[in-house]
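The block underneath contains the structure these notes are about, expressed in structure tokens.
Read the numbers this way: they start at 1 and go in the same order the structure lists the ligands and their atoms.
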Amino acid sequence: MRVSTLLSMAALALTSLTASSQAPAASQVALTPPMGWNSWNYFAGRVDDKGIRAAADQLVATGMKDAGYVYVNIDDTWEGERDANGVLHANAKFPDMKALADYVHSKGLKIGIYSSPGSKTCGGYAGSLGHEEQDAQLYASWGIDYLKYDMCSFIGDVLEKQAPNDKAAQMRLMIAAYAKMDKALKATGRPIVFSFCQYGWDAVWEWGPSVGANLWRTTGDVTAEWDRIYAIVSQQEGLEAYAGPGHWNDPDMLEVGNGKLTLAENRSHFTLWAMLAAPLLAGNDLPNMKPEIKAILTNRDVIGIDQDSLGKQGARIYSDGEVEVWTRHLAGGALAIAVIDVGDARYSTHPFHLNLSKLGLTGTQTGKDLWTGKAVELTNNMPLELLSHDVLLVRVDSPR
Ligand code: GLA
């Protein structure tokens, strides 16, 4: 081999080394499930600049930021019109998006935004169809750190028009639309968490990560009702294989503190999201949050289960009547065990009995009850009295 060839090969190797060390590492975002707050579940169309600033202030004041909630995500209804150059402007509710992003960043937080691969968002506002690169550049120029990309009118605009009655072709079009935005986001050079919102269509967990998904919705929308929350939980079975650092199943945002959910239901909802390694995006009215709701959302032990560095999603191991037993394997060999009364039965009159051998455990297990903070011993066949929709969550550091 000639010296000049060797030299140019060395130069090439050096260039690619430099390029790869400078490239924004996509896998560096969402190494654990994203945590933060999103405007939709409580404020929906009433979100505005003032509300986003207030949410950022409250994340700091309540200690939620210190507990790990960093993303402040603006959902639908921020979008205004495109100008003659196709540049999208925010509507009157958001007079200066860059200033808002600077404000959120000044609090040590990150900011997220929302769009659609269709021409319209689900709320009927401007989507990104045909403006993907332009929008990605716009987000980056504002300092956006997270994008939720929601199918909405893409179904009618593209899928049903270009491939009527051809589900396979529709799937290819959808994947291409997400891949297009992924490319546009990566081209900005800014690390931006990419959240897919297409309701779990076409087994998104199988192909989402290959086109940049850091998280993907697995179902339709959550509501602040136990039955809906539980229906979503029931649809997560089998998806645990697809979650891991950088790419997560998203059973939708939290409803903790919303609607008429009881404290037991709020605890169970939060516990299940932690067992599922789900993104923890609070969706409640932060300035008016009750202390008992703050206590749930900031329970560091439960957050520790969600954010466990191993990134292994938990699963339901068995159920006995209306009581379910879930486990999640954690870093260092630890195990989280959740026992949940998902029904309305009165198990206090005929307690459920815990079967440790079904969990692969032998003999007494010593752990911590993460909702009382107290040490607890789990013995085989022990009776557990659980009120309707309530949960026992135990962390066992050295399971046997
Ligand atoms: C869809 C999404 C919701 C929310 C709304 C906004 O329904 O699934 O999470 O973003 O659109 O219009």
Ring-plane angle category for Trp78 and Tyr139, please: parallel below 30°, perpendicular beyond 60°, tilted otherwise. perpendicular

Who's the nearest protein heavy-atom neighbour of atom 12 (O) of ligand 1, and how far? Asp76 OD2, 2.8 Å

For ligand 1, does Cys197 get within less than 4.0 Å through its side chain, its backbone, both, or neither, judged by non-hydrogen atoms? side chain

Considering only non-hydrogen protein atoms, determine which one is nearest to atom 9 (O) of ligand 1 and report residue, atom name and distance to 0.1 Å. Lys148 NZ, 2.8 Å

So the atoms of ligand 1 within less than 4.0 Å of a heavy atom of Gly123 turn out to be 12 (O)

Check: Asn38 side chain, Val72 main-chain N or O, donor-acceptor pair, under 3.5 Å: no

Write down the atom of Leu297, the atom of Leu254, and the distance for their closest heavy-atom approach. CD2-CD1, 4.1 Å

Can a salt bridge be assigned to the pair Asp308 and Lys312 using a cut-off of 4.0 Å between side-chain N and carboxylate O? no

Answer with yes or no whether Asp221 contacts ligand 1, where contact means a heavy atom under 4.0 Å from a ligand atom. yes

Do the side chains of Arg395 and Asp301 get close enough for a salt bridge, i.e. N-O under 4.0 angstrom? no

How long is the gap from CZ on Arg400 to CD on Gln365, to the nearest 0.5 Å? 5.5 Å

So which heavy atom in the protein is nearest atom 10 (O) of ligand 1, and how far is it from that ligand atom? Asp75 OD1, 2.6 Å

Atom 1 (C) of ligand 1 has as its nearest protein heavy atom Asp150 OD2, 3.0 Å

